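Below is one structure, written out as structure tokens; comments come after it.
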Amino acid sequence: MLINGYTRRLIQLALDEDIGTGDLTAGAFESFKSQATFNFIAKENCIICGTKVAQEVYFMLDHEVKVEFSVKDGDRITERRIIGQVTGPASSILTGERTSLNFLQRLSGVATNTAKYVEALGDSKIKILDTRKTTPGWRRIEKYAVKTGGGWNHRLGLFDGVMLKDNHVDAAGSITGAVKNVRRFIPTTVKVEVETRNLKEVEEAVEAGADIIMLDNFDIPAIQEAVRVIDKRAKIEVSGGVTLEFLKQLRDVDVDYVSIGALTHQATGVDISLKMRG
């Protein structure tokens, strides 16, 4: 993971939120100037993600703290495994513990969750995409976690891709009108995606010249019919309430993408702890 200004601002916000005017608990240990070593321990099977962020937390907090991981992002870890260590002033390690773990647990959770959906497709050519249903402020790093888990990124925000959803279409009066409208204001290199709710809208989206057509909440027979109607004239994305079982049924259907908000908004943090070495 690239540590940049965006990530550092996010880390600083997290540290400020947790520490405030000072750590009243760990501050009591400062007078001892004691050095200590703590281990990061993965307490369940998972895919690790966020090691660089966890390191940067301590680098920004106290340059005397050294963090080393024996694993890298994307590694599959079995439960009860030591994955890294933190060495330095005990007070600083204790102060940064929760912030460092929050990033590591959350990002590992997103990566692990994503991998389950990717694996459900087997060797299918279909790509699993994330969405904008991310934790406010965390989008860039959560989308990194999706890639770490084997998924692909959809647009990062409203500024790098066009998606005409049902409300856009309703506001414009039709898919044709919505596509024509947006084409007037975007560079010719930007692709236009249209969300469709039924086969009639699929036909209209094809005729309107959509580059990508999203099939929202279609069942398998309807998706197969939409594939026939589109006939390679646009890329096809499936979305809406996608489950692991649904993906298994979709493996051999000729679509390009499946976008799943649950990759991020339903991910559960991995159980990782930081324990002092005895």
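All of these numbers come straight from a predicted model, not from anything done at the bench.
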Test item: Gln85 side-chain N/O and Glu68 main-chain N/O as donor-acceptor pair under 3.5 Å
no
Ile48 backbone acceptor or donor facing Asp75 side chain under 3.5 Å:
no
Value for CD1 (Ile272) from CZ (Arg81), rounded to nearest 0.5 Å, stands at 12.0 Å
With a 3.5 Å distance limit and no angle check, can you tell me whether Asp160 reaches the backbone of Gly157 through a side-chain donor-acceptor pair?
yes
Side chain proximity check, Phe40 to Ser100, heavy atoms < 4.5 angstrom:
yes
Main chain of Lys235, side chain of Tyr257: is a donor-acceptor contact present, judged purely on distance under 3.5 Å?
no
Is there a donor-acceptor pair closer than 3.5 Å between any side-chain N or O of Gln105 and the backbone N or O of Asp271?
no
Between Asn4 and Thr7, is any side-chain donor less than 3.5 angstrom from a side-chain acceptor?
yes
Quick check: do Thr37 and Val86 have side-chain heavy atoms less than 4.5 Å from each other?
no
Exercise: do Thr176 and Glu204 side chains pair donor with acceptor under 3.5 Å
yes
State which residues pass salt bridge (Lys or Arg N to Asp or Glu O under 4.0 Å) with Glu201; sequence neighbours excluded, sorted by chain then number.
Arg197
Does Leu15 offer a backbone N or O that forms a donor-acceptor pair with the side chain of Thr99 under 3.5 Å?
no
Taking the six-membered ring for Trp, are Phe103 and Trp138 ring centroids under 6.0 Å apart?
yes
Check whether Leu164 and Ile236 end up in the same hydrophobic cluster, where Ile, Leu, Val, Met, Phe, Trp and Tyr are linked by side-chain heavy atoms less than 4.5 Å apart.
no
Side-chain heavy atoms nearer than 4.5 Å, only ILVMFWY residues, links allowed to pass through others: does that put Leu94 and Leu104 together?
yes
When you check the side-chain N and O atoms of Ser92 and Glu64, is any donor under 3.5 Å from an acceptor?
no
Does atom CZ of Arg233 have more than 12 heavy-atom neighbours, drawn from other residues, nucleotides or ligands, at distances under 6.0 Å?
yes
Salt bridge check, Glu119 against Arg76: does any charged N sit closer than 4.0 Å to a carboxylate O?
yes
From Ile175 CD1 over to His168 NE2, what is the distance, rounded to the nearest 0.5 angstrom?
13.0 Å
Are the side chains of Leu263 and Ile128 in touch, meaning some heavy atoms are under 4.5 Å apart?
yes
Closest heavy-atom pair and its distance - Cys49, Ala111
CB-CB, 3.9 Å
Under the side chain to side chain donor-acceptor pair (under 3.5 Å) rule, what do Thr51 and Asp73 come out as? Steps first, then yes or no, please.
CA-CA 6 Å; Thr51 55; Asp73 288 357; 2.9 Å; yes
If you draw a 6.0 Å radius around NZ in Lys275, do more than 12 non-hydrogen atoms from other residues or ligands fall strictly inside?
no
Is it true that a side-chain atom of Asp18 and a backbone atom of Arg98 form a donor plus acceptor pair closer than 3.5 Å?
no
Just by modelled atom types, is the Ile260 backbone N or O under 3.5 Å from a matching donor or acceptor in the Lys133 side chain?
no
Taking C-beta and beyond as the side chain, do Ile213 and Ile230 meet within less than 4.5 Å on heavy atoms?
yes
Considering only heavy atoms from C-beta outward, does the side chain of Lys165 approach that of Val169 to under 4.5 Å?
no
Is it possible for you to say whether Val71 and Tyr144 belong to one hydrophobic cluster, with membership spreading through side-chain heavy-atom contacts below 4.5 Å?
yes
Please check this pair: side chain of Ser124 against backbone of Arg251, looking for a donor-acceptor N/O pair closer than 3.5 Å.
yes
Can you tell whether the side chains of Glu225 and Arg228 come within less than 4.0 Å, N to carboxylate O?
yes
So Ile126 and Leu250, do their side chains get closer than 4.5 Å, heavy atoms only?
yes
Co-membership, hydrophobic cluster, residues Met214 and Val229, 4.5 Å side-chain
no
Do you know the tightest heavy-atom contact between Gly74 and Thr148?
N-CG2, 3.4 Å
Are Thr264 and Thr135 side-chain neighbours, meaning at least one heavy-atom pair lies under 4.5 Å?
no
Per side-chain hydrogen bond (donor to acceptor under 3.5 Å, both in side chains), Ser259 is matched among Glu237, Lys127, Glu193 by Glu237
Just so I know, are the side chains of Leu101 and Glu97 near enough to count as touching, which here means a heavy-atom distance under 4.5 Å?
yes
Counting distance only, does the side-chain N/O of Thr95 pair as donor-acceptor with the main-chain N or O of Asp23 below 3.5 Å?
no
